[in-house]
Amino acid sequence: MNFDMVIANYGDNTISVILGYGNGSFTNQTTYLTGSKPYCLAMGDFNNDKQLDIVVGSYYSFNVGVYLAYGNGSFTQQITFSAGNSPTSLAIADVNNDTRQDIIIASINLASVLVLCGDGTGNFPNNMLFNTGAPAYSAAVGDFNNDARVDIVVGKNDSNSVSIILQFNRGALEYEMNYASGGGSSLRSFAIANLNNDTHSDIIVANYGTDDVGILFGYGNGTFMQQIMFDMGSNSRPSSISMNDFNGDTYLDIAVANYGTQNLGMLLGNGNGSFTIQTNYLDNMIFNPIAIVSGNFNDDNRSEVVVAYDGSDNVDIFISYNTGSFINRQTFPTGSVPFAIVAADFNNDHQLDIVTANSNDNTVSVLLGYRNGSFTSQVTYATGSNPYSVAVGDFNNDTYLDIVVSNGGSNTVSVLLGYGNGSFTDQITYLTGPYPYSIGVGDFNNDSRLDLVVVNADNSSVSVLVGYGNGSFANQIRYSTGYEPRSIAVGDFNNDDRLDIVVSNLNDNTVSVLLGYGNGTFATQMIYLTDATPQFVTVGDFNNDNRLDIVAATLGVNTMTVLLGYGNGSFQMKQSYPTGVLPLSIGTGDFNNDTHLDILIINYSSNDFSIFLGFGNGSFNTQIQYSTGSSPASAAIGDFNNDSLLDVVVADSQDNNIMILFGSINENFVKYTTLPIINGSQPQSFAIGDLNNDTYMDIVIANFGINTIGICLGYGNISFSNQTTYSTGPNSLPSSIALGHFNNDTILDIVITNSGSDNIGIFLGFGNGSFGNQTTYSTGSSSRPYFVTVGYINNDAKLDIAVTDNANNKIGVFLGFGNGSFEHVIFYAIKYGSNPFSILMDDFNNDKKLDFAIANSGTDNLNILLQTC
């Protein structure tokens with residue numbers, strides 16, 4: 001190895017490079033211009049090409065010049081970087097452990113040491129500044145505490161002492177860009193998550209002022225797309241958001257606390273960065289929500305939400321609840337004035353088809369279904385006069401479905417036998433009583449052959465036609481009902497394995513129950529009161545007691561009447577629920593997949609249908625209404641597009657068509673329980689974690705109003721203990737909480753921002769849900785710390801804390817020692833008037849260093865600060 005020399009020539013502003021031959025002799029010098037009065041120099045490999053480069057500090061130019069080596073003993077012209085003042089000493093080391101060499105500069109005129117952070121290309125785009133308390137004349141490097149990290153020793157010019165700067169990888173922060181700013185967005189809350197599975201962190205913001213939620217997708221280099229907005233509704237005023245899987249599909253969803261509309265909104269994630277806004281049908285709050293946090297409190301793979309309110313001491317827990325919804329309408333022509341509709345598989349392709357009774361042109365329309373929810377053009381078949389009702393069954397025992405129609409204008413029923421390919425024979429008619437309005441099908445005499453029962457609206461009776469099993473029927477037998485019967489349903493009401501009948505009596509406000517004897521005959525009717533003018537009736541087990549109940553559409557007062565059955569053929573007193581205008585027809589099904597039977601009501605005059613979601617105990621939620629076409633008369637329910645969700649097909653009588661509305665999932669939040677309340681507590685913030693190591697999630701509450709934190713231990717079933725409180729100090733006004741392992745004992749500890757006393761408080765956990773007394777660390781005079789978060793800021797496996805100082809426009813960093821104690825605060829100033837109120841940490845540019853995202857109320861924007869050294 002031949003040693004060479006480089007010399008700083010103070011008098012003529014050059015450096016000389018003299019190459020050695022290895023025998024004690026040298027080449028002639030080659031000189032390179034420097035700045036004014038080169039005073040110090042050092043060498044290092046600044047561009048990772050395994051060649052030594054040169055750096056020179058020029059005293060009067062206040063800069064350093066970097067000369068990159070070509071590998072043959074020659075160098076580039078200098079590239080200069082500011083030294084801040086007159087450099088008097090240089091040292092080279094990897095200060096920030098990024099495998100790239102940095103330059104340490106001491107200056108006789110500055111009470112600090114400047115570090116230029118190299119990027120491995122010979123450039124130094126970022127820097128760090130370390131205070132030394134007195135002007136630093138010289139600097140050197142070494143590992144002074146055996147932690148395998150470079151430390152700095154500084155000689156002070158006027159105090160005859162040295163300073164040792166131990167490296168904690170503090171990292172420098174710089175503004176990268178402002179996001180989500182302006183336009184009156186009034187940013188109130190934000191969260192960080194990878195929403196589209198591209199390994200890059202994304203940002204979600206709640207824009208209070210513009211009534212929307214914005215998503216900024218990250219590029220992975222510290223920059224972000226412009227935000228995509230999701231409208232949360234007029235005057236919604238979203239104030240807080242939380243990310244979790246609320247519907248159990250493993251994809252992240254977004255819960256939104258809407259301050260203005262006093263409800264919780266949901267954006268359901270699809271796993272690819274797209275979200276579907278869930279329509280909010282449920283208004284569950286009487287206060288304005290200000291803060292939410294989510295966690296799974298019962299291990300059901302669906303997270304719950306904890307909510308705090310403005311001006312209230314309540315803390316409520318909400319669970320995610322699928323209300324169901326209907327989307328993507330399609331229409332298909334039918335005959336004139338379709339008044340009744342039924343869905344069944346007429347061509348044995350395992351796909352639902354549709355038949356409508358067209359009352360104005362005396363036909364039925366058959367539309368065969370495709371597996372995607374669309375249908376063939378109608379094929380019509382003649383019926384009797386004014387068909388008002390249609391039903392299906394296998395009347396000739398050939399395994400093919402047949403059709404039966406009640407003909408109100410000709411006092412007959414028409415039977416059309418199916419060929420099994422979707423086509424049918426011409427009608428065969430059978431006499432009924434006057435004005436047959438509705439028809440039912442069942443085996444009333446237990447001979448394994450289907451029979452018919454028909455409501456005769458004009459003589460207050462029903463006709464029973466016993467089937468022979470070959471597609472023909474015996475003459476009718478009539479049974480008396482109430483006045484002007486309109487609709488019929490069939491079921492076993494007294495659990496004797498014999499079919500019974502219930503009839504709605506339009507003009508005496510009753511339903512008639514006729515119990516069957518099992519031989520095709522029926523007992524005398526029993527009468528039960530309903531609301532005024534019951535038009536349509538159906539049955540189902542709405543309270544899961546294995547007893548059939550009755551529900552009637554009562555159009556006289558626009559209600560739904562429910563009569564719960566006792567299982568002996570008798571029924572409880574009515575329960576009523578408001579509907580749309582002129583409820584005409586009823587259907588049942590589980591529209592939200594919660595295993596509880598729900599009810600659909602067709603509202604003829606308000607051109608919509610109502611969904612009543614059942615709670616499984618015989619009671620129902622308030623109606624959710626969906627628009628239809630003109631004058632809907634009937635509906636059929638089934639899965640027409642094979643997505644395992646129930647769809648609805650409506651016969652729009654005045655539009656001469658059917659309209660299909662496809663079912664979809666619609667997740668809403670419904671209140672589940674309220675945590676034990678402490679009067680005057682005014683909770684502001686929550687944190688969730690297992691504080692007592694029982695595998696159940698617990699809740700920590702910042703009680704702003706009474707200067708405490710409250711601990712509610714979870715029992716694993718969404719119930720909790722009473723609050724145990726710990727003082728945060730007089731007038732401390734705790735505002736934000738975070739959890740972490742601050743002393744590396746695997747037991748969760750608590751950090752709280754005390755906005756009134758200008759400090760943070762640390763509560764070390766004992767592992768049984770209890771905590772030690774608070775230890776405080778100042779955040780600066782009149783700083784008003786507002787929000788806290790935790791992370792490994794300097795990559796030393798010791799948890800650190802970052803806090804927003806709202807009043808003095810700073811970010812405070814507390815580096816942890818790993819024993820539950822922390823260094824004094826290190827401040828990072830941000831723009832004057834920013835008033836930062838929230839901070840989160842993540843690695844936005846994939847350099848394995850945590851960066852900061854800061855929400856500012858003063859400038860109404862979001863800052864991304866990258867850790868650069």
Side-chain angles (χ1 to χ4, degrees), residues 333-344 346 353-367 378-396 400-419 422-442 450-468 470-479 481 484-488 490 503-504 506 535-536 584-585 631 633-634 636 651 653-654 656 658:
T334 65
S336 179
V337 190
F339 203 77
I341 185 171
V342 170
F346 297 126
D353 311 309
I354 291 172
V355 58
T356 64
N358 307 311
S359 64
N360 206 44
D361 62 5
N362 307 325
T363 63
V364 292
S365 296
V366 176
L367 296 86
Q378 64 174 325
V379 177
T380 60
Y381 297 86
T383 67
S385 177
N386 301 125
Y388 281 123
S389 180
V390 63
V392 300
D394 180 9
F395 302 125
N396 58 352
Y400 304 143
L401 284 180
D402 312 310
I403 298 171
V404 60
V405 182
S406 64
N407 303 306
S410 55
N411 302 331
T412 61
V413 293
S414 296
V415 176
L416 295 83
L417 299 178
Y419 289 120
S423 64
F424 295 84
T425 65
D426 291 337
Q427 64 174 324
I428 306 168
T429 60
Y430 298 87
L431 287 174
T432 66
Y435 205 71
Y437 197 88
S438 180
I439 191 166
V441 175
L450 287 180
D451 312 311
L452 305 177
V453 59
V454 182
V455 168
N456 302 309
D458 273 4
N459 78 342
S460 303
S461 68
V462 294
S463 295
V464 177
L465 293 81
V466 174
Y468 291 125
N470 59 2
S472 64
F473 294 85
N475 292 333
Q476 61 176 315
I477 303 171
R478 294 189 193 177
Y479 295 86
T481 66
E484 199 174 340
R486 282 302 176 93
S487 174
I488 194 165
V490 175
V503 181
S504 63
L506 188 73
Q535 166 70 22
F536 199 94
L584 202 64
S585 179
S631 301
S634 181
S653 64
Q654 298 306 306
N656 300 326
I658 59 171

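All values below were derived from every heavy atom in this structure, side-chain atoms included, with hydrogens, water molecules and symmetry-related copies excluded.
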Would you please name every residue forming a side chain to side chain donor-acceptor pair (under 3.5 Å) with [X], sequence neighbours left out?
{"X": "Asp361", "value": "Thr363"}
{"X": "Asn362", "value": "none"}
{"X": "Ser461", "value": "Asn456, Asn459"}
{"X": "Thr429", "value": "none"}

Exercise. Any sub-3.5 Å donor-acceptor pair from Thr334's side-chain atoms to Ile658's backbone N or O?
Worked result: no
Exercise. Has the side chain of Ser359 got a donor or acceptor atom that lies under 3.5 Å from a matching backbone atom of Asn386?
Worked result: no
Would you indicate whether the side-chain heavy atoms of [Y] and [X] approach each other to under 4.5 Å?
{"X": "Pro387", "Y": "Ser406", "result": "no"}
{"X": "Pro436", "Y": "Tyr388", "result": "no"}
{"X": "Leu584", "Y": "Phe339", "result": "yes"}
{"X": "Val441", "Y": "Phe395", "result": "yes"}

Exercise. Would the number of heavy atoms belonging to other residues, nucleotides or ligands and lying under 6.0 Å from OH of Tyr400 be above 12?
Worked result: no
What pairs of donor and acceptor atoms, side-chain ones from residues 407-417 against any protein atom, are under 3.5 angstrom apart with sequence neighbours left out?
unit_1 : atom_1 : unit_2 : atom_2 : d
Asn407 : OD1    : Gly384 : N      : 3.1
Asn407 : ND2    : Thr412 : OG1    : 3.0
Asn407 : ND2    : Ser414 : OG     : 2.8
Ser410 : OG     : Ser385 : N      : 3.2
Ser410 : OG     : Thr412 : OG1    : 3.1
Asn411 : OD1    : Tyr435 : N      : 2.7
Ser414 : OG     : Gly384 : N      : 3.4
Ser414 : OG     : Gln427 : OE1    : 2.4

Could you report the tightest heavy-atom contact between [X] and [Y], atom names first, then the distance?
{"X": "Ser460", "Y": "Pro485", "result": "CA-CD, 3.5 Å"}
{"X": "Gln654", "Y": "Ser631", "result": "CG-OG, 3.2 Å"}
{"X": "Ser389", "Y": "Ala340", "result": "CA-CB, 3.8 Å"}
{"X": "Arg486", "Y": "Tyr437", "result": "O-CD2, 3.1 Å"}

Exercise. Can you name the residues that form a ring-ring contact (aromatic ring centres under 6.0 Å, His included) with Phe346, not counting sequence neighbours?
Worked result: Phe424
Seminar exercise, completed: The single option from Leu401, Val404, Val392 that satisfies side-chain contact (heavy atoms from CB on, under 4.5 Å) with Val342 is Val392
Distance in Å, [X] [atom1] paired with [Y] [atom2], rounded so as to fall on 0.5 Å steps:
{"X": "Leu450", "Y": "Leu465", "atom1": "CG", "atom2": "CG", "value": "13.0 Å"}
{"X": "Tyr381", "Y": "Ile403", "atom1": "OH", "atom2": "CD1", "value": "7.5 Å"}
{"X": "Ser336", "Y": "Asn358", "atom1": "OG", "atom2": "CG", "value": "7.5 Å"}
{"X": "Phe536", "Y": "Ile488", "atom1": "CZ", "atom2": "CD1", "value": "10.5 Å"}

For this session: Test side chain to side chain contact (heavy atoms under 4.5 Å, CB included) on Val337 and Asn656 and set out the steps.
Result: CA-CA 5 Å; Val337 190; Asn656 300 326; 4.3 Å; yes
For this session: Determine, step by step, whether Asp394 and Asp402 satisfy the side chain to side chain contact (heavy atoms under 4.5 Å, CB included) criterion, reporting the C-alpha distance in whole Å, the side-chain angles of both residues, the deciding distance to 0.1 Å, and the verdict.
Result: CA-CA 5 Å; Asp394 180 9; Asp402 312 310; 3.7 Å; yes
